[in-house]
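Just so you know, these numbers come straight off a predicted model, no measurement behind them.
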Amino acid sequence: KFRVWRTMAALAWRAALCLAGAALSLYALHVEHNAARDPSYRAACDLAPSVSCTRVFSSRWGRGLGLVEPVLGKDSAVNVPNGAVGLLFYLLQGLLGLSRSRLASVALLGTSVASALASLWLAAVLAFGLRDLCLVCVSTYGVNLALLALNLRQRRGETGKKRD
């Protein structure tokens with residue numbers, strides 16, 4: 001019974017994190033789209049000049065982690081908004097989280113590690129490059145780190161079962 005409850009709790013936790021991450025990603029896309037259409041647009045997350053998600057999402061760092069544009073150009077097909085990549089990541093995490101296969105577990109952990117590294121990179125850009133506090137961004141980093149912790153715990157549980 002306890003094992004079933006733990007599995008259900010992990011699924012519920014994953015669903016909540018993926019929904020939160022998807023909502024944050026959709027909001028980021030909404031802000032970026034509106035800011036591109038109207039330069040005077042101010043989002044609800046713009047609380048001060050140095051606390052502005054609009055400024056962050058509109059910067060080169062809001063697309064392709066800021067790394068694609070210098071290499072492939074601003075108009076490259078792979079220079080997509082970070083929010084779009086995030087949306088795909090949360091969808092993948094939610095769907096793969098329903099599978100109990102080893103391959104799904106490895107993919108969940110691998111993509112979580114990648115998202116955590118991207119979060120650390122973007123957090124450094126926020127703090128040291130843009131000198132901004134983006135509340136949506138920081139919330140996304142928290143969701144990514146929580147998914148990493150969940151995937152690590154799940155993976156450790158699977159490897160522990162094999163030893164028993």
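Every residue two or more places apart in sequence or in another chain that forms a salt bridge (Lys or Arg N to Asp or Glu O under 4.0 Å) with Asp132 is listed here: Arg55. Ser52 is linked by a side chain to side chain donor-acceptor pair (under 3.5 Å) to Asp46, counting only residues two or more places apart in sequence or in another chain. Applying the side chain to side chain donor-acceptor pair (under 3.5 Å) criterion to Ser40, with sequence neighbours excluded, gives Asp38. Applying the side chain to side chain donor-acceptor pair (under 3.5 Å) test to Ser139 and every residue at least two apart in sequence or in another chain returns nothing. Shown here are the disulfide bond (SG atoms under 2.5 Å apart) partners of Cys18, two or more places apart in sequence or in another chain: there are none. Scanning for side chain to side chain donor-acceptor pair (under 3.5 Å) contacts around Asn144 gives Tyr90, Ser119, with sequence neighbours left out.
Atom-to-atom distance recorded for Leu95:CG and Leu108:CG is 10.0 Å, nearest 0.5 angstrom. Expressed to the nearest 0.5 Å, how far CZ of Arg155 lies from CG of Leu150 amounts to 14.0 Å.
Here the side chain of Ser112 pairs no donor or acceptor atom with the backbone of Leu109 at under 3.5 angstrom.
Identified under the disulfide (SG to SG under 2.5 Å) test for residues 77-146, with sequence neighbours left out: Cys134-Cys137. Here disulfide (SG to SG under 2.5 Å) pairs that include residues 78-133, with residues two or more places apart or in two chains, number zero. The disulfide (SG to SG under 2.5 Å) pairs that include a residue from residues 51-110 are Cys45-Cys53, where partners are two or more places apart or lie in different chains. The disulfide (SG to SG under 2.5 Å) contacts involving residues 60-92 comprise nothing, where partners must be two or more places apart or lie in separate chains.
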Side-chain polar contacts of residues 62-74 - donor-acceptor pairs under 3.5 angstrom, sequence neighbours left out - could you list them?
unit_1 : atom_1 : unit_2 : atom_2 : d
Arg63  : NE     : Glu32  : OE2    : 2.9
Arg63  : NH1    : Asn79  : O      : 2.7
Arg63  : NH2    : Glu32  : OE2    : 3.4

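Val80 forms part of a hydrophobic cluster together with Val85, judged by ILVMFWY side-chain heavy-atom separations under 4.5 Å.
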